[in-house]
> 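Let me begin by handing over the structure; questions about it come next.
Order of appearance sets the numbers: ligands from 1, and atoms from 1 within every ligand.
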Amino acid sequence: MAFNRTTRGSLSDEQLLQYNRDGYLVLEDLLNDADMEPPRQAMMDEVSAIADALFEKGLITDKMEGEPLKYRLAKLFDGLTDQHFLQFGRSWRNRTPGYFHLLSNPKIIDAVESFIGAEIFASPVYNTRPKVPRVAAGAVPWHQDKSYWPDSNANPVITVWISFVDATLENGCLHIKPRTQNSKLLEWHAESYTGTSYTALHEHQLGSRETVALPVKAGTAILFNDRLLHMSTPNNSDHVRWSVDLRYQSTDQDPMPQHGSGFLARSAKFPERVATLADWLEGRPEHAAHP
Ligand SMILES: O=C(O)CCC(=O)C(=O)O
């Protein structure tokens with residue numbers, strides 16, 4: 001499905017054209033340090049909780065408290081196993097204020113509005129990805145996002161992937177196959193080598209489109225269609241490739257409550273129903289979507 005120009009939003013006609021044609025769009029430097037600070041704080045809090053847990057279990061003797069976010073988790077898990085890492089989840093979906101600030105950031109919502117207009121639902125499917133060096137679950141196999149919500153009448157969901165450090169070939173940036181977003185939902189399987197059962201496609205299902213690597217600077221957003229083929233490579237660096245992937249759709253689509261509660265992020269028709277931080281923290285269903 002191609003998006004028509006809506007009356008508002010921050011993107012140019014050219015950018016819309018590119019998204020419709022290629023299935024993705026890179027918005028360089030969309031977020032600045034001030035935008036990224038609340039979610040960074042949420043990430044740091046979670047890392048501190050993990051350090052405490054590892055310390056209490058006797059798995060580490062140094063909580064690496066002086067280390068910056070970029071390195072701390074890498075140093076904590078240096079010498080531990082994939083299983084130790086996976087005890088804390090391969091990606092996180094914490095309902096803490098930092099993520100509400102990010103999910104409702106006007107720069108992101110303005111971009112999404114260009115595609116779907118001003119009735120915008122922030123999906124419950126969002127992930128913080130601490131891609132720790134050499135942990136197998138960090139590398140995500142080729143897949144289409146829609147394989148995670150195959151039966152939902154949510155079509156197409158827009159993924160907004162944002163790097164919180166510079167994403168490079170070495171630390172495992174995103175790779176995509178442009179112009180594959182018009183393919184049907186391919187039959188996927190659950191992979192069995194990372195310990196997380198990612199949905200995955202076989203090599204022979206990938207077709208002949210070229211693969212494009214997308215190294216990007218911290219604060220850059222990559223928007224893509226939920227049928228676009230994409231993956232990411234292992235992290236062979238000495239630091240964590242931090243990223244988040246957020247998702248948005250129009251409010252007349254399935255809010256996918258089986259994944260948690262999302263929230264009404266913007267509404268020209270019902271501005272009084274737009275979720276506040278308190279609504280979101282409580283997971284109030286009346287703010288999950290229009291009745
Ligand atoms: O961040 C990654 O490495 C993979 C992200 C991804 O597959 C997604 O956002 O759907």
> Report the nearest protein non-hydrogen atom to atom 3 (O) of ligand 1: residue, atom name, distance rounded to 0.1 Å.
S232 OG, 2.6 Å
> With no hydrogens and no angle check, just 3.5 Å: does a side-chain donor-acceptor pair link T128 and Y99?
yes
> Ignoring hydrogens and angles, tell me if any N or O in the side chain of N225 forms a donor-acceptor pair with the backbone of R227 under 3.5 Å.
yes
> Go through ligand 1 atom by atom and flag the ones less than 4.0 Å from a non-hydrogen atom of D245.
9 (O)
> Just by distance, do the side chain of R247 and the backbone of V125 share a donor-acceptor pair under 3.5 Å?
yes
> Would you mind listing which atoms of ligand 1 come within a distance below 4.0 Å of any non-hydrogen atom of L174?
2 (C), 4 (C), 5 (C)
> Could you tell me which residues satisfy salt bridge (Lys or Arg N to Asp or Glu O under 4.0 Å) with E37, sequence neighbours excluded, listed by chain and number?
none
> Assess Q144 for proximity to ligand 1: is some non-hydrogen atom of it under 4.0 Å away?
no
> Distance under 4.0 Å to a non-hydrogen atom of R247: what atoms of ligand 1 satisfy this?
8 (C), 9 (O), 10 (O)
> Tell me the protein heavy atom at minimum distance from atom 2 (C) of ligand 1, and give that distance in Å.
R241 NH2, 3.4 Å
> Any ring-ring contact (aromatic ring centres under 6.0 Å, His included) involving residues 168-224? Give me the pairs, sequence neighbours left out, ordered by first then second residue.
H189-H202, H202-H204, F224-H230
> Could you find the nearest protein heavy atom to atom 10 (O) of ligand 1 and give me its residue, atom name and distance?
D145 OD1, 2.6 Å
> Strictly under 4.0 Å, does any heavy atom of H143 approach an atom of ligand 1?
yes
> Within the 3.5 Å criterion, strictly below it, is a donor on S232 or R129 matched to an acceptor on the partner's side chain?
no
